[in-house]
K.L.:
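Have a look at this one before I ask anything.
Treat the numbers as computed from the prediction; the structure is a model and nothing was measured. Reckoned from all heavy atoms, side chains included, excluding hydrogens, waters and symmetry mates.
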Amino acid sequence: MIFLLAGTSDARELACLLQQEGYPLVASVVTESAADSLREAGVSVRVGRLTADEMVAVLKEQGAAMVVDASHPFAEEASKNAILAADSAGIPYLRYERPEWKVERHPLIETVSSYQEAAEAAARRKGVVMLTTGSKTLDIFAHRLLSEPGVRLVARMLPRKDNMEKCERLGLEQKNIIAMQGPFGKELNKVLYQHYKVTTVITKESGQIGSVDEKVEAALELGLHVVLISRPRIEYGRALDKIDQVLDQVRAELGGMSHE
C-alpha cells in the first residue's frame, strides 16, 4: 500500500494514475473539500493533520510500503513529518513537487523568504494590500498590518465557515474579505485588484498549477507591486517534478508487490 500525502489537483491526478496501475493507496488530506474530490475518483482517504508519530502509527496500521509526498509546496510541516515517519517505519519516501514557476527579475517584484518578511514588506509599502496566500497564515499578516497606519488589508481565501470565524477573531472586517474558490484567471484577478484599488499583492511561489503566474502577471499589467514568497527549502532526499517520473520510480521499487 502507498501512503500518499495529497490535497492539490496534481496530487489527485497522481493518486488516480497510481490506482489505475493497480497500486492500493490511501490519500491523506487536511480538508473535507480535498477528501470529497478524491472520494469522487474512488480513492480511499483519511482526513486530518498528522504528527510524525501519528503518521508512523498509520503507516504501520495500514501496512504501507512507501510514502509518496505530493503535498503543497508550502506544506512544510507535513513534508517534514512524512520524511521522519517514513524513516521511522523503515519504508521509502518519495517527493513529488510541482515544477517551480521561473519568475524573471522585475522592478515591481520583491522576493522574500518568509510570511513575516512579506508582512514587513507590505507594511513599508502602505496602501491597499491584497493577501492571496490563504487563511493558514492570516494571523501573521493581521497582527502586523491591521493596526499599521496607511494600510488596508484585503484577504482572499476559501469560503469556509472556519475561515470566516478566523477573520472575525482577528478583526478583519467583512468588507475586506474575498471568500472565493480559485483558481482565478488573469482577467478576474485584474478585476478584483481594480475593484479594491490594490497597490500591493502578496502571493507565494506555488507554481503555475497554483496559478501564481496569473496573479503576478495581472498585477504587473496594472503596475502593482508584488511581494512573492519563495518556497521553503527542505532536504527531501529524492524529489521529482514530473508525475510520469514518480510513476516510473514507484514501478521500479514496488513492481513486485501484490496489486490485489
K.L.:
Treat each ILVMFWY residue as a node, draw an edge where side-chain heavy atoms are under 4.5 Å apart, and state whether Tyr96 and Val30 are in one component.
P.N.:
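Per the 4.5 Å side-chain linkage, Tyr96 and Val30 are not co-clustered.
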
K.L.:
Using atom types as modelled and distance alone, determine if a side-chain donor or acceptor of Glu54 lies under 3.5 Å from a backbone N or O of Thr51.
P.N.:
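Flag set: sc Glu54 to bb Thr51 pair under 3.5 Å.
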
K.L.:
Strictly distance-based, threshold 3.5 Å: is any side-chain N or O of Ser114 a donor or acceptor partner for the main-chain N or O of Glu117?
P.N.:
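Present.
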
K.L.:
Write down the atom of Asn163, the atom of Leu158, and the distance for their closest heavy-atom approach.
P.N.:
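Reported closest heavy-atom pair: ND2-O, 2.9 Å.
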
K.L.:
Whether the Ser113 and Ser230 side chains hold a donor-acceptor pair (N or O, under 3.5 Å, no angle test) is what I'd like checked.
P.N.:
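Their side chains do not contain a donor-acceptor pair, so the 3.5 Å distance test is not met.
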
K.L.:
Do Leu59 and Leu84 land in one hydrophobic cluster if side-chain heavy atoms of ILVMFWY residues count as linked below 4.5 Å?
P.N.:
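No, Leu59 does not connect to Leu84 through the hydrophobic network.
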
K.L.:
Kindly check if the number of other-residue, nucleotide or ligand heavy atoms within 6.0 Å of CD (Glu168) is above 12?
P.N.:
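Count not over threshold, so no.
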
K.L.:
Is a side-chain donor or acceptor of Thr133 paired with a backbone partner of Thr203 at a separation under 3.5 angstrom?
P.N.:
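No; judged by distance alone, with no hydrogens or angles, the pair does not exist.
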
K.L.:
Take Asp244 and Lys242, measure what salt bridge (Lys or Arg N to Asp or Glu O under 4.0 Å) needs, and give me the verdict at the end.
P.N.:
CA-CA 6 Å; Asp244 58 351; Lys242 293 182 175 60; over 6 Å; no

K.L.:
Enter the distance from Glu173:CD to Leu153:CG here, rounded to the nearest 0.5 Å.
P.N.:
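With rounding to 0.5 Å, CD (Glu173) is 11.0 Å from CG (Leu153).
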
K.L.:
So do Tyr93 and Met66 actually touch side chain to side chain, heavy atoms under 4.5 Å?
P.N.:
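When only atoms from C-beta onward are counted, Tyr93 and Met66 do not touch, as no gap falls below 4.5 Å.
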
K.L.:
Return the minimal non-hydrogen interatomic distance between Leu4 and Ala15, and the atom names on each side.
P.N.:
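Closest approach of Leu4 to Ala15, heavy atoms only: CD2-CB, 3.4 Å.
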
K.L.:
Please give me the minimum heavy-atom distance between Leu145 and Ala122, naming the atom from each residue.
P.N.:
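Smallest interatomic distance, heavy atoms only, reads CD1-CB, 4.0 Å.
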
K.L.:
Over all heavy atoms of both residues, which pair between Ala41 and Arg12 is shortest? Give the atoms and the distance, please.
P.N.:
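Between these two residues, the closest heavy atoms are CB-NH2, 3.6 Å.
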
K.L.:
Heavy atoms only: give me the nearest Tyr236-Pro73 pair and the separation to one decimal.
P.N.:
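Shortest heavy-atom contact: OH-O, 4.5 Å.
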
K.L.:
Is there a donor-acceptor contact under 3.5 Å from the side chain of Lys190 to the main chain of Glu217?
P.N.:
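No: the side chain of Lys190 does not pair with the backbone of Glu217.
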
K.L.:
So if you build clusters from Ile, Leu, Val, Met, Phe, Trp, Tyr with side-chain heavy-atom gaps below 4.5 Å, do Val154 and Leu188 land together?
P.N.:
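Val154 clusters together with Leu188.
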
K.L.:
With heavy-atom distances below 4.5 Å as the criterion, would you say the side chains of Glu97 and Asp241 are in contact?
P.N.:
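No; the side chains remain at least 4.5 Å from each other.
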
K.L.:
Are Val56 and Val67 joined in one hydrophobic group, where the rule is that I, L, V, M, F, W and Y side chains link up if heavy atoms are under 4.5 Å apart?
P.N.:
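In one cluster with Val56: Val67, no.
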
K.L.:
For a side-chain contact (heavy atoms from CB on, under 4.5 Å) check, start with the C-alpha distance between Val45 and Val26, then their side-chain angles and the critical distance, and finish with the verdict.
P.N.:
CA-CA 6 Å; Val45 186; Val26 172; over 6 Å; no

K.L.:
Do Val151 and Val129 have side chains that get closer than 4.5 Å, going by heavy atoms?
P.N.:
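Yes, side chains in contact.
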
K.L.:
As a quick check of understanding, evaluate side-chain contact (heavy atoms from CB on, under 4.5 Å) for Val226 and Leu108, giving each step before the final call.
P.N.:
CA-CA 6 Å; Val226 176; Leu108 290 175; 5.7 Å; no

K.L.:
Using the test side chain to side chain contact (heavy atoms under 4.5 Å, CB included), find all partners of Leu17 that sit at least two apart in sequence or belong to another chain.
P.N.:
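If we apply the side chain to side chain contact (heavy atoms under 4.5 Å, CB included) test to Leu17, skipping adjacent residues, the hits are Glu13, Gln20, Ile243, Leu247.
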
K.L.:
Let's go through Thr137 and Phe74 carefully: what are the C-alpha distance in whole Å and the side-chain angles of both, what is the deciding distance for side-chain contact (heavy atoms from CB on, under 4.5 Å) to 0.1 Å, and is it a yes or a no?
P.N.:
CA-CA 11 Å; Thr137 56; Phe74 281 81; over 6 Å; no

K.L.:
Using atom types as modelled, flag every donor-acceptor pair under 3.5 Å from a side chain in residues 176-187 to any protein atom, sequence neighbours excluded.
P.N.:
{"from": "Asn176", "atom 1": "OD1", "to": "Arg152", "atom 2": "NE", "distance (Å)": "2.5"}
{"from": "Asn176", "atom 1": "OD1", "to": "Arg152", "atom 2": "NH2", "distance (Å)": "2.7"}
{"from": "Lys186", "atom 1": "NZ", "to": "Glu221", "atom 2": "OE2", "distance (Å)": "2.8"}

K.L.:
Could you walk me through whether Arg169 and Glu165 satisfy the salt bridge (Lys or Arg N to Asp or Glu O under 4.0 Å) test, starting with their C-alpha distance in whole Å, then the side-chain angles of each, then the deciding distance to 0.1 Å, before giving a yes or no?
P.N.:
CA-CA 6 Å; Arg169 187 168 65 251; Glu165 290 172 345; 5.9 Å; no

K.L.:
Using side-chain heavy atoms (C-beta onward) and a distance below 4.5 Å, is Tyr115 in contact with Arg144?
P.N.:
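No, too far: nothing below the 4.5 Å cut-off.
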
K.L.:
How many angstroms lie between NZ in Lys60 and OG in Ser88, if you round to the nearest 0.5 Å?
P.N.:
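Lys60 NZ to Ser88 OG: 7.5 Å, rounded to 0.5 Å.
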
K.L.:
Would you say that Arg95 contacts Leu240 through its side chain, given a criterion of any heavy-atom pair below 4.5 Å between the two side chains?
P.N.:
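No, their side chains stay 4.5 Å or more apart.
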
K.L.:
For the residue pair Met164 and Met157, establish whether any side-chain heavy-atom pair is separated by less than 4.5 Å.
P.N.:
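Yes, at least one pair of side-chain atoms sits under 4.5 Å.
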
K.L.:
Might you work through the salt bridge (Lys or Arg N to Asp or Glu O under 4.0 Å) test for Glu32 and Arg39, ending with a clear yes or no?
P.N.:
CA-CA 10 Å; Glu32 282 295 340; Arg39 289 186 187 117; 3.3 Å; yes

K.L.:
Within the 4.5 Å heavy-atom criterion, are Leu228 and Lys204 side-chain neighbours or not?
P.N.:
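No. Closest side-chain heavy atoms not under 4.5 Å.
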
K.L.:
Quick check against the 3.5 Å criterion: does Ser135 have a side-chain atom that pairs as donor or acceptor with the backbone of Leu138?
P.N.:
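Between the backbone of Leu138 and the side chain of Ser135 there is no qualifying donor-acceptor contact (under 3.5 Å).
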
K.L.:
Answer yes or no: is there a donor N or O on one side and an acceptor on the other, between the side chain of Lys126 and the main chain of Pro149, under 3.5 Å?
P.N.:
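Present.
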
K.L.:
Should Glu120 and Arg124 count as an ion pair when the cut-off is N to O under 4.0 Å?
P.N.:
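Salt bridge flag = no for Arg124 with Glu120.
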
K.L.:
Ignoring hydrogens and angles, write down the donor-acceptor pairs under 3.5 Å from the side chains of residues 193-202, residues two or more places apart or on other chains.
P.N.:
{"from": "Tyr193", "atom 1": "OH", "to": "Lys215", "atom 2": "O", "distance (Å)": "3.1"}
{"from": "Thr199", "atom 1": "OG1", "to": "Val128", "atom 2": "N", "distance (Å)": "3.0"}
{"from": "Thr199", "atom 1": "OG1", "to": "Val128", "atom 2": "O", "distance (Å)": "3.1"}

K.L.:
Sub-3.5 Å donor-acceptor pair from the side chain of Arg231 to the main-chain atoms of Glu205, do we have one?
P.N.:
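At least one qualifying donor-acceptor pair exists.
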
K.L.:
Does a sphere of radius 6.0 Å around CZ in Arg46 hold more than 12 heavy atoms from other residues, nucleotides or ligands, not counting ones at 6.0 Å or beyond?
P.N.:
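Yes.
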
K.L.:
Please answer whether the main-chain N or O of Leu50 pairs with a side-chain N or O of Asn81 as donor and acceptor at a distance below 3.5 Å.
P.N.:
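Checked: pair present.
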
K.L.:
Of all the heavy-atom pairs spanning Ala78 and Leu5, show the shortest one and how long it is.
P.N.:
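That would be O-CD2, 3.7 Å.
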
K.L.:
Hey, mind stepping through Val47 and Thr31 against side-chain contact (heavy atoms from CB on, under 4.5 Å) and telling me if it holds?
P.N.:
CA-CA 6 Å; Val47 184; Thr31 67; 6.0 Å; no

K.L.:
Measuring only between side-chain heavy atoms, which start at C-beta, is Pro92 closer than 4.5 Å to Gln249?
P.N.:
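Side chain of Pro92 against side chain of Gln249, heavy atoms only: no contact under 4.5 Å found.
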
